[in-house]
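Written out below as C-alpha cells is the structure these notes cover.
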Amino acid sequence: VKTNFSPWIQLFRVFAPSWRFFDRPVQVPILWVRYIDQAEKPGPWEKRLLRKAASSNRSWKQIFLNSTENHLLICRELLNQHEFDLQHGVVNSVSSQLIERLVLLDIPGDSQSEDRSGSKKLQYKMTFSDHDDYLSPILDLPAKRISD
Amino acid sequence: LSDIKISILNFTCWLLSVATLFQSIELLQLKKVWTNTGIWSWSILRQDRSSFPNSILPFLDTCFSARSFTAILWLRTLSSLGFIIGFGYFESLVKIHIGILLITTWLIAVRWRGTFNGGSDSMTAHIALYVWIAQCFSSSSWLVRTCLGCIAIQVTLSYFIAGIAKLRNPEWRSGECLPKLFQISGYPEPPDSFKKIIQHPKYAFFLSWMVILFECLFPFSWIDSRLCLVFIGLAIGFHGMNFRIFGLNRFIFAWLAGYPSLYYFSMSHSLQ
C-alpha cells in the first residue's frame, strides 16, 4: 500500500507484478487502545489486531475460506500505510480515518473482552520500533457501536 | 500439442474460477466491514480517488455502493460456480465468464486501494487477463501460446525474483530472517510447534536455504515435464506451509491456476 504513486497508477496497480515476497520482515506498528470512562479516567492500554487471536485455532478447512485472517492482514497493512503517511506529513489521511473507524468497531477475529458500556471516549496510539509513538486525539464512542 | 494447448487453457480457466469463487465468498463473508457503516466504507476510500476526472468517480461510486458491490461479488461467485460445475462447455459463455472475472477482479482491487490481498490478487488479475485474451483469440495458435507463456513466466518469476531477493539478503542466508519474520511481521503468529522449531538456529538456517534453493531453482521446471511436476509439488507444499504458518490461503489457489501453463511449456519442450 505504501506508495506515492498517482491515483491513476494505483487504479491499475493490481496488474503490476508483485514478486518480492518475504524478502525482509516489515515491522508492523502496534496499535493500542484505551477507553476513558465517564469520570474522564483513562483505562489501561490494550493491544488491538492481535496476531495470535485469529491464528490459534486455524484449521485445514480455512485453506478454502479464511476471511477473518485475510481481513486482519489488510488491517495491519493499514497500520503500515498510516505510518508512511505520518512520516510524510499527510494530515487527516484516508488511512487515519480508516484507523479511527477500526478502533471504534469490533474487528472480526480480534479479541474484544470486556464490556465497554461505561466508557464514553476512546484514544488510540501506535508504537513504532524506530521512531516516536503516535497518540491520537480523544475520540467519542458512538452511542451505539458502529458495527451494531 | 494444439489440442493440449486448448485443454490447458480450459483447465486454467477452471482453476482460476475455483480461486475467484473462494475469494468472492470470503469478501461476501466480510460484508460487515465494507458497507457504509463498516471500516472500509467507500465514502472514506473514495477520497483517495478525488483527483480523478468527473467521468470516472460517478462510475466508481455506482460500482462501490454497498448494494452494487454486493451484486458484483455475487455475480463473480455465481459466474465462477457456474463455470466450475459445467457451463465451461459453452464456448461463448467462457469468454463472458472470464471477462466478468477480469473486470470484477480489477474492481475489487480498486475498491481496496490497489489490492485486497497483495500478490494473490495480482496473480489472479494477471491470469484472468491472459486467459481472457487467449479465449477471445482462441483460433490464433501463437496468441494462445503467448498468453500461456506469459502466465508461465509470471509464475516462474514470482518464485525466482523472490528467491534472488532472499539470496541477496545476508539475514536470509544466515537463517536469522525467518524467526524475525515470525516475530515482527504483520502476518499472524505461526503455531507454537513451528515457533519452537524455527527458534533453533540450525533449523532456521536449514529451512531458509530450502526456501532460497527452491525459489532460485524454480526456472529449471521449464526443462522437463517430470521435473516440472516435482517443482509444482514442492510449490504446493510451500504454499500449504505458508497457509499453515501464516494463514495465507489465497496464494494456493491463485498460483495453482498458473501451473498448467508452466507444465505445458515443460511438456512441449520435452516433446520437441
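Below, read A as the first sequence line, B as the second, and so on, with proteins coming before strands; counting in each chain starts at 1.
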Report summary line: Honestly, the part of B:Phe160 sitting under 4.5 Å from a heavy atom of chain A is neither
Requested in this report: Measure the shortest side-chain to side-chain distance between B:Leu248 and A:Leu73 over non-hydrogen atoms and say whether it is less than 4.5 angstrom.
Outcome: yes
Requested in this report: Working to the nearest 0.5 Å, report the span between NE2 of A:His71 and CH2 of B:Trp40.
Outcome: 6.0 Å
Requested in this report: Provide the closest heavy-atom pair for A:Leu11 versus B:Trp106 in the form atom of the first, atom of the second, distance.
Outcome: O-NE1, 2.9 Å
Report task. Could you walk me through whether A:Gln62 and B:Phe243 pass the side-chain contact (heavy atoms from CB on, under 4.5 Å) test, one step at a time? Result -> CA-CA 9 Å; A:Gln62 286 167 271; B:Phe243 160 72; 3.8 Å; yes
Query - By side chain to side chain contact (heavy atoms under 4.5 Å, CB included) - contacts of B:Phe194 (at least two apart) - result: B:Phe182, B:Pro190, B:Pro191, B:Ile198, B:Leu207, B:Met241, B:Ile245
Query raised in the report: Nearest 0.5 Å, what's the CG-OG distance between B:Asp48 and A:Ser95?
Result: 7.0 Å
Report summary line: Turns out that what part of B:Ile44 lies under 4.5 Å from chain A's heavy atoms comes down to both
Query raised in the report: Are any of the side-chain heavy atoms of B:Val110 and A:Phe12 separated by less than 4.5 Å?
Result: no
Query raised in the report: Are B:Ile108 and A:Val14 close enough that some pair of their side-chain heavy atoms sits under 4.5 Å apart?
Result: no
Requested in this report: Please indicate whether A:Asp132 has more than 12 foreign heavy atoms, meaning atoms of other residues, nucleotides or ligands, lying under 6.0 Å from its CG.
Outcome: no
Query raised in the report: If you count heavy-atom pairs under 4.5 Å between each of B:Asn249, B:Leu157, B:Leu129 and chain A, which one has the most?
Result: B:Asn249
Requested in this report: Apply salt bridge (Lys or Arg N to Asp or Glu O under 4.0 Å) to B:Lys196 and list each qualifying residue two or more places apart in sequence or on a separate chain.
Outcome: none
Query raised in the report: Relative to each other, are the rings of A:Phe15 and B:His126 parallel, tilted or perpendicular (30° and 60° limits)?
Result: perpendicular
Query raised in the report: What residue, out of B:Gln23, B:Arg168, B:Gln29, has the most heavy-atom pairs lying under 4.5 Å from chain A?
Result: B:Gln29
Query raised in the report: Parallel, tilted or perpendicular: which describes the rings of B:Phe22 and A:Phe64, with under 30° parallel and over 60° perpendicular?
Result: tilted
Query - Min side-chain heavy-atom separation B:Gln47-A:Gln97 under 4.5 Å - result: yes
Report task. May I ask you to name which of B:Ala109, B:Ser41, B:Gly240, B:Gly247 has the most heavy-atom pairs under 4.5 Å with chain A? Result -> B:Gly247
Query raised in the report: Below 4.5 Å, heavy atoms only, C-beta onward: do A:Trp60 and B:Arg244 meet side chain to side chain?
Result: yes
Requested in this report: Counting only heavy atoms closer than 4.5 Å, note whether B:Ile56 contacts chain A via side chain, backbone, both or neither.
Outcome: side chain
Requested in this report: Measure the spacing between CZ of B:Arg250 and CG of A:Asn66 and express it to the nearest 0.5 Å.
Outcome: 9.5 Å
Query raised in the report: Side chain of A:Ser67, backbone of B:Leu27: donor and acceptor closer than 3.5 Å?
Result: no
Query raised in the report: More than 12 heavy atoms of other residues, nucleotides or ligands under 6.0 Å from NZ of A:Lys121: is that the case?
Result: no
Query raised in the report: Should we say atom CH2 of B:Trp132 is surrounded by more than 12 heavy atoms from elsewhere, each under 6.0 Å from it?
Result: no
Report task. Locate the shortest heavy-atom distance separating B:Ser122 from A:Ala16; write the atom from each residue and the value. Result -> OG-O, 2.9 Å
Query raised in the report: What distance separates B:Leu30 CG from A:Asn70 CG, expressed to the nearest 0.5 Å?
Result: 8.0 Å
